[in-house]
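A short write-up of the structure that comes next.
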Amino acid sequence: MVEIRVPTLGESVTEATIGQWLKKEGDNVAADEPVVELETDKVSVEVPAPAAGVLSKISAQEGDTVELNALLGEIGEGAGAPASSVNGSSAPATNGTAPAAAASASGEEIQIVAPASGESVTEADIGEWMVKVGDQVKLDDPIVSLETDKAAVDVPAPASGTIKEIVAQEGDTVSVGAVLAVMVTGDAPAASAAPAAAPAPSAPKADNAPLSPAPRRVIAENNLDAGAIQGTGKGGRVTKGDALAAIGSVSAAPQPAQAKAPHTPKPLGDREERVKMSRLRQTIASRLKESQNTAAQLTTFNDVDMSAVMSTRSEYKELFEKKHGTKLGFMGFFVKASIAALREVPEVNAEIDGTDVVYKNFVHMGVAVGTPTGLVVPVVRDADQMSFAAIEKKIGELGLRARDGKLSMAEMQGGTF
C-alpha cells in the first residue's frame with residue numbers, strides 16, 4: 001500500500017483545498033500520473049501518483065482543506081499493479097516522460113521526473129539536491145527542490161531505494177517531465193552506485209514539522225540548527241523569516257558560499273551578504289514594482305499607546321539631559337523600536353540588486369528633519385550600535401546642520417531604512 005500525501009507547495013503555504021480528483025476509487029494509475037488537483041492562494045498543483053497500481057482509497061474529498069503532508073489517498077497493488085509491471089513499457093507516463101517502473105519490485109530502475117507545478121508552468125530551476133549518488137532514500141523522502149516563478153516544490157522519492165544517477169544539476173533549467181535522476185528500488189545499494197554512500201540525506205529538518213525549500217536553504221547556507229529555531233508559521237512551522245531572524249540572533253559571519261554570486265555588479269563590504277533570489281522571489285519583486293507603477297497606492301495608519309514612553313520620558317528627561325548633555329526626545333524611542341523590528345524582518349533593511357537580495361548587517365537610519373526650505377532626511381549611520389544618548393545627540397546635530405543648510409550630500413545618502 002502506497003500513500004498519497006500533500007506535497008510541499010511553496011514558501012509560507014501551509015494548506016490547500018482539494019480542487020478535483022482526476023481519478024476515482026478503483027481506477028488504475030501509472031507512476032507519476034496526476035491523480036488529484038490541489039488549489040492554494042498562490043498556485044494550482046497536480047499531485048502525481050507515487051507508484052503504479054489501483055487507487056484503492058480516497059481519504060480527502062473535493063472541497064476539503066488539507067495541511068501539508070496530510071493523507072489524500074492510497075494506492076494498492078490490485079488489478080492494475082501486475083499489468084503495469086508486466087507491460088510497463090506500453091503505458092507511457094503523462095507529460096511526455098519515459099515510463100517509470102513499478103515501485104513494488106526490488107532492484108528495478110525508476111526515473112524521477114520533474115512534475116507539473118501548476119497551470120502555465122512549463123519549466124523550473126533545480127534549486128537544491130538533498131541527496132547524492134549512492135544515498136538510500138525512503139518512499140516520499142524529499143530528494144530535490146524545484147523553483148518556478150510561482151512556487152518552490154520538493155520532489156519526493158517515488159519508492160524506497162538507492163539513488164543511482166543524478167541527471168540534472170543545481171541551477172539547471174528543466175522542462176516538465178524531464179528526467180531529474182534515476183534510482184534503483186530495494187534496500188541494498190545498487191552495484192553501480194558511488195563506492196562511499198552517505199548514511200543519510202544531510203538536509204536539516206525541524207523537530208516537529210518538515211521544512212519548506214526556502215527556510216531549508218537559508219538554514220543550510222548559514223550553518224544554523226533547525227531544531228533551535230522557533231517557528232511562527234501555522235502549526236509551529238519554520239518560515240524563511242524565522243530562519244533569517246536566527247542569523248541575526250547568532251551574529252554569524254557572512255558565509256563564503258553566499259558571496260559566490262554569478263555576477264557582482266556592486267562591490268560589497270564585509271558587513272553585507274549577497275543571496276541569489278529564487279525565480280519566485282524575482283517574480284514577486286517584479287509584480288510589486290509593476291503594481292506600484294500602475295495602481296493607486298494606499299497608506300495605512302495605526303494608533304499606538306505611547307503612555308509608557310511618555311511617562312518614562314517625563315520621569316528621566318531632566319536626569320538624562322544632566323548626564324548626557326542632550327535632551328531626551330521621542331526620536332530615540334522610534335529609532336530603537338525600528339531597529340528591533342528590522343532585526344525581526346531583515347528583508348525590510350535589504351535592497352534588490354539585479355537578481356540578488358543584498359542583506360545589511362547594519363542599520364543606517366534616515367531621520368526626517370524639517371527645514372525652512374522643506375523636508376530633508378539625513379542618515380544616522382550604524383544606529384544599531386548606538387546608545388539612546390548617542391542617537392539623540394546625532395539627531396540633534398544633524399537637525400541643526402539641516403536648518404543651517406550645512407548638510408552635505410554624503411550625509412543624506414546611504415540610508416537602509
Side-chain angles (χ1 to χ4, degrees), residues 1-9 13-40 44-88 91-95 97 99-118 136-144 153-162 177 183-187 201 205 208-210 212 235:
M1 191 71 66
V2 178
E3 295 179 340
I4 307 171
R5 292 188 174 273
V6 179
T8 303
L9 300 170
V13 179
T14 60
E15 62 182 19
T17 302
I18 306 294
Q20 178 186 7
W21 276 97
L22 309 177
K23 296 287 184 177
K24 60 182 182 293
E25 289 186 0
D27 282 355
N28 292 341
V29 295
D32 296 322
E33 182 179 5
V35 293
V36 62
E37 185 178 89
L38 302 181
E39 297 176 352
T40 74
S44 295
V45 178
E46 290 180 345
V47 179
V54 174
L55 183 60
S56 58
K57 181 181 179 181
I58 291 177
S59 303
Q61 305 303 317
E62 294 181 2
D64 288 355
T65 298
V66 291
E67 296 188 348
L68 296 184
N69 205 41
L71 181 64
L72 299 176
E74 296 177 351
I75 295 177
E77 298 180 359
S84 174
S85 58
V86 172
N87 200 21
T94 58
N95 300 321
T97 64
S104 58
S106 177
E108 294 194 54
E109 289 190 2
I110 296 179
Q111 291 183 336
I112 303 167
V113 300
S117 299
Q136 289 186 287
V137 296
K138 295 180 181 179
L139 174 68
D140 292 329
D141 277 354
I143 58 173
V144 62
V153 179
D154 279 352
V155 178
S160 296
T162 304
M183 69 177 294
V184 177
T185 60
D187 296 331
K205 292 184 179 180
N208 300 322
S212 61

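Below, all heavy atoms of this structure are taken into account, side chains as well, without hydrogens, waters or symmetry copies. Note that this is a predicted model, so its numbers are computed, not measured.
Take E3 and apply the salt bridge (charged side-chain N to carboxylate O under 4.0 Å, His left out) test, not counting sequence neighbours, and it matches R5. Partners of E25 according to the side-chain hydrogen bond (donor to acceptor under 3.5 Å, both in side chains) rule, which considers only residues two or more places apart in sequence or in another chain, do not exist here. For P7, the side chain to side chain contact (heavy atoms under 4.5 Å, CB included) partners are L9, L38, V47, not counting sequence neighbours. Every residue meeting the side chain to side chain contact (heavy atoms under 4.5 Å, CB included) condition with T17, not counting sequence neighbours, appears here in chain and number order: T65. Partners of D27 by salt bridge (charged side-chain N to carboxylate O under 4.0 Å, His left out), not counting sequence neighbours, listed by chain and number: K24.
Pairing each heavy atom of A60 with each of V66, the nearest pair is CB-CG1, 4.0 Å. Here the shortest heavy-atom pairing between T185 and A159 reads CG2-CB, 4.1 Å. Scanning all heavy atoms of the two residues, the minimum distance from Q20 to E62 falls at CA-OE2, 3.6 Å. Here the closest non-hydrogen pair linking P50 and V2 is CG-CG1, 3.4 Å. Taking both residues in full, the closest heavy atoms of A49 and A30 are given as CB-O, 3.5 Å, listed atom of the first, atom of the second, then distance. Residues K138 and A157 approach most closely at O-CB, 3.5 Å, considering heavy atoms.
Using a 4.5 Å cut-off on side-chain heavy atoms (C-beta onward), D32 and P115 make no contact. In this structure, the side chains of V35 and L22 stay at 4.5 Å or more apart for every pair of heavy atoms. Considering only heavy atoms from C-beta on, M1 stays 4.5 Å or farther from K57 through its side chain.
To the nearest 0.5 Å, the span separating CD on E74 from CD1 on I58 amounts to 11.5 Å. To the nearest 0.5 angstrom, D154 atom CG is 11.5 Å from D140 atom CG. Considering CD of Q61 and CG of L72, their distance stands at 11.0 Å, rounded to 0.5 Å. Taking OG from S59 and CD1 from I4, the interatomic distance works out to 8.5 Å, rounded to the nearest 0.5 Å.
The backbone N or O of V184 sits nowhere less than 3.5 Å from a side-chain atom of T162 that would complete a donor-acceptor pair. Checked by atom type and distance alone, the side chain of S160 pairs as donor or acceptor with a backbone atom of L139 at under 3.5 Å.
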Can you list the steps and then say if N28 with V54 is a side-chain contact (heavy atoms from CB on, under 4.5 Å)?
CA-CA 4 Å; N28 292 341; V54 174; 3.3 Å; yes

